[in-house]
Amino acid sequence: MRESLNLAQIRQRQLEMLDIFDDFCTTRGIKYSLSGGSLLGAVRHKGFIPWDDDVDLMMPRPEYERFLASFNKETADIKAINYRVDPDFPRPFTKITDLGTRIAARNGINKYGIFLDLFPIDGQPDNEEETSEYVAEYERLNRLFYKKTPLYRMSDNLLVKIKSAVRGPFFPPREETMSKIKSLLQRYPFGSTGFAGAIMGGSKMGTHVPDRVFKEFTRMEFEGRSISCIKDYDTYLTRMYGDYMTPPPPRKQKTNHFAAVYRV
């Protein structure tokens, strides 16, 4: 019988992975920050948001490429997984994945374990209207990219199954879609426009801030350890969440990512 992990055990493994990640980046001078809800958690709770179950990280694109060039060569039980190393990977960003666990999935695609999400920070247009169009184009391409993965084709949702069977053959190849995503993201190199954001995270327009926000870093407490964070977290979190120090109502305090996790 497989050993299932509870939330406390999942978080403990995530923290162990975060320590490995932090040590790797710190010793090599690779700049990174907690992002999204994890950064909010560090600021408001000094750790995980109580109802959250994942860890989000971000890096300026040049640092992201430096990281990917060497991380998997020097780590053993956790690996950086993305479309470059796994043809089935469903998203354009990277997950730092634990090789000793699996996340149970009803559709049978149990390839990935406990993870940390890692998003590149790219340059963005210097005005809201153009940024909105840029985000919309990314979201369109991201949907196309996902629809050519086994996770989409083997969905247990009947409507998705029908759409996949009928429309799937007409979706462009993943390589073609990824080429367009790369071209879109390279349109605004980091540091070239005065604005930037981690568009691959959950809040698209919410990441659009002056790129100076992503150029200065500090250390903040997260679950009893010191982790790298952007220094001007206030500009970033205000853009994403508004009054970020006020928790949402209980009905919105939900855990989303790990339905069931087991050791392998």
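Values reported hereafter were calculated over all heavy atoms of this structure, with side chains retained and with hydrogens, waters and symmetry mates removed.
Residues Thr26 and Asp23 bring no donor and acceptor atom of their side chains to less than 3.5 Å of each other. Side-chain atoms of Asp98 and Tyr112 include no donor-acceptor pair closer than 3.5 Å. Under the 3.5 Å distance criterion, with hydrogens and angles disregarded, no donor-acceptor pair is assigned to the side chains of Thr207 and Tyr236.
Checked for salt-bridge contact, Arg225 and Asp19 meet the test: a charged N lies under 4.0 Å from a carboxylate O. Salt bridge status for Glu176 with Lys180: present, with a side-chain N to carboxylate O gap under 4.0 Å.
Under a cut-off of 6.0 angstrom, the local environment of CD in Glu129 is sparse, with at most 12 non-hydrogen atoms contributed by other residues, nucleotides or ligands. The neighbour count for Lys215 NZ, taken as heavy atoms of other residues, nucleotides or ligands under 6.0 Å away, is above 12.
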Sequence neighbours left out, cut at 3.5 Å: what donor-acceptor pairs do the side chains of residues 184-191 make with other protein atoms?
| unit_1 | atom_1 | unit_2 | atom_2 | d |
| --- | --- | --- | --- | --- |
| Tyr188 | OH | Glu130 | OE2 | 2.5 |

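Considering CZ of Arg84 and CE of Met178, their distance stands at 8.5 Å, rounded to 0.5 Å. Note: Leu116 CG to Thr94 OG1 = 11.5 Å, rounded to the nearest 0.5 Å.
Geometric assessment of Arg140 against the ring of Tyr138 yields a negative cation-pi assignment under the 6.0 Å and 45° thresholds. Cation-pi geometry between Arg91 and Tyr146 is met: the NZ or CZ atom falls under 6.0 Å from the ring centre, inside 45° of the normal.
When each of Phe115, Phe119, Tyr83 is tested with Phe93 by the rule ring pair (Phe, Tyr, Trp, His ring centres under 6.0 Å), just one qualifies, namely Phe119.
Taking the six-membered ring for Trp and the full ring otherwise, the centers of Phe222 and Phe48 sit less than 6.0 Å from each other. In this structure, Phe217 has its ring center at least 6.0 angstrom away from the ring center of Tyr32.
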